[in-house]
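Whatever order the structure lists them in is the order used to number ligands and atoms, beginning at 1. No hydrogens, no waters, no symmetry mates; every other heavy atom, side chains included, goes into these values. Everything numeric in this text was worked out from a predicted model, so none of it was measured.
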Amino acid sequence: MSDISKLESDLLAAIAAAKDEAALEAIRVSALGKKGSVSELLKTLGGMSPDARKAQGPIINALRDTVAEAIATKKAALADAALDARLATERVDVTLPIRPVPQGTIHPVSQVLDEVTAIFADLGFAIAEGPDIEFDDYNFTKLNIPPDHPARQMHDTFYMAKQKDGSSHVLRTHTSPVQVRTMLKQKPPIRIISPGRTYRVDSDATHSPMFHQYEGLVVDEGSTLANLKWVLEEFYKAFFEVDSVELRARPSFFPFTEPSVEWDLRCDRSVPGKITFGTGNDWLELAGSGMVNPRVLDMCGIDSTKYQGFAFGGGLDRLAMLKYGIPDIRPFFESDLRWLRHYGFSAFDLPTLDGGLSR
Ligand code: FA5
C-alpha cells in the first residue's frame, strides 16, 4: 500500500471513529489544517517536476476531497445524533396529569359574590354597578334621606370634602344608590342586582369599615311584596343549597322603602358551631327590604302612579360568614395567607347553578 493510500485509510478510520464534533475537528485540523498531513502533501506538488506533478496532483487532490467529504458527512451525522439525544431527554409526556397548583385561592367574598350573581342571573336579573365614591345626593337625598334628616344618623358615614361646585361626595354607605343610578337611566321594567363595596365608620368582630353588600331592585307595573318574598325564598334556597327555606317578615324602617320589611330565615343552631337552614327553631336576620317608596320613584323620574317596585339588600360578607362558618369579619381584609388558604376556594371551581355553587 502506498503512503497516500495508507494516510487515506488511516484518516477515514479516524473520522469514522470520532465520538463527537470536537474529536472530528481535531482530525480535520491534523489533516486539512495549515500544517495538516494532507496540506503538507499538497505543498510538495510545487517542488515536483511537471510529469511527477501531473501524476501525483490528481491523487493528492482526490485524497483532500475524499477526506473533506468524509469529515462533512460525519459532522452532519454527529449533529443529527446530538439533536436526537437532546430531543430524547427533553421529551414531555403530555398525557401526564398537571402538577397541583397550591398557590392562590379565591377569597370567600369573591366566591359568595360569584354565587349570588349566578343565582340572580338565573332568575333573570341584570348586574348593575355604581362607584365607591358616591354623590351625597344619590347615597341619601334621592333615597328620601334629605340633609339633616335623622335617618342619616343610621349610617356612620365617611364624608369627603365639598367640591368647588357645592356638590358633596361620600364613600357610599350602602349599595342602594345603585337603585337611583339605575332608575335615572333606565325605564321600567327594571330587574337588577348590584353587589359591591360599601363603607361605614364601624369596626368590631362582625362590622368592618369596608364591607360588601348586595342590592336588588325590581320596578314594574305589578310588582308586589309577594313577588319579593318569592324572589328571596328562591335566592336563599339556592344560596344555602337546601330544598326549602322558611322566611319570617318583621316590620322595619328604611326611608327609601314603604312599607319596609326585615327578613329572618329559619335555622337550627342547636349543634354548637354548626348552622343548618330550612329547619330548627332559631331565626337569622338576613335582609332589609320593602316596596320602593313612591317619593324615590318620583325623584328618580319614574311615574309612581303607574309603576311600583320592591328592593332588598344585605351584607355579602355576612352571607360568607354564615355559609362558610367564618366567625370574625376582620381577617377578611387582613390578607393573611394562612387564613386565605384555610377559607379560600379553588380557582378552578367557578360557582354555577348546574355545576354546583360551592365545593
Ligand atoms: C341597608 O344598608 C339598606 N340599604 C338595605 C336595604 C336595601 C333595605 C334595599 C331596603 C331596601 P342596613 O344598614 O341594615 O341596610 O345594612 C344591611 C346589611 O349590611 C346589614 O344587615 C349587615 O349585614 C351589613 N352591614 C352593615 N354595616 C356593616 C359593617 N360595618 N360591616 C359589615 N357588614 C355590615
Taking the ring of Tyr236 and the ring of Phe312, is the distance between their centroids below 6.0 Å? no

For atom 1 (C) of ligand 1, tell me which residue out of Arg200, Met210, Glu215 has the closest non-hydrogen atom. Arg200

So, is His207 polar-close to ligand 1, with some N/O to N/O distance under 3.5 Å? no

Give a yes or no on whether the ring-centroid distance for Phe332 and His212 is below 6.0 angstrom. no

Kindly indicate whether atom 7 (C) of ligand 1 is approached by any protein heavy atom to under 4.0 angstrom. yes

Note: ligand 1 atoms sitting under 4.0 Å from heavy atoms of Asp202 are 30 (N)

So for Phe256 against ligand 1, with non-hydrogen atoms under 4.0 Å, the contacting part is side chain

Looking at atom 23 (O) of ligand 1, tell me if a protein heavy atom falls under 4.0 Å from it. yes

Any non-hydrogen side-chain atom of Phe345 less than 4.5 Å from a side-chain atom of Tyr324? yes

Can you see which heavy atom on Arg197 is nearest to which on Asp132, and at what distance? NE-OD2, 3.0 Å

May I ask you to check whether over 12 heavy atoms, not counting those of Glu21, lie within 6.0 Å of atom CD? yes

Nearest protein heavy atom to atom 25 (N) of ligand 1, by residue and atom, and its distance? Phe211 CE1, 3.4 Å

Report the part of Ile329 in contact with ligand 1, treating N, CA, C, O as backbone and CB onward as side chain, heavy atoms under 4.0 Å; options are side chain, backbone, both, neither. side chain

Does the gap between the ring centers of Phe239 and Phe277 come in under 6.0 Å? no

Can you check whether Thr257 has an N/O within less than 3.5 Å of an N/O in ligand 1? no

Using distance alone, decide if ligand 1 has a nitrogen or oxygen within less than 3.5 Å of any nitrogen or oxygen in Gln213. yes

Please say whether Ser208 places an N or O atom under 3.5 Å from an N or O atom belonging to ligand 1. yes

Quick one: nearest non-hydrogen protein atom to atom 15 (O) of ligand 1, plus distance? Phe254 CE2, 3.6 Å

Quick one: nearest non-hydrogen protein atom to atom 20 (C) of ligand 1, plus distance? Gly315 N, 4.5 Å

Tell me whether Ser176 has any N or O atom under 3.5 angstrom from an N or O of ligand 1. yes

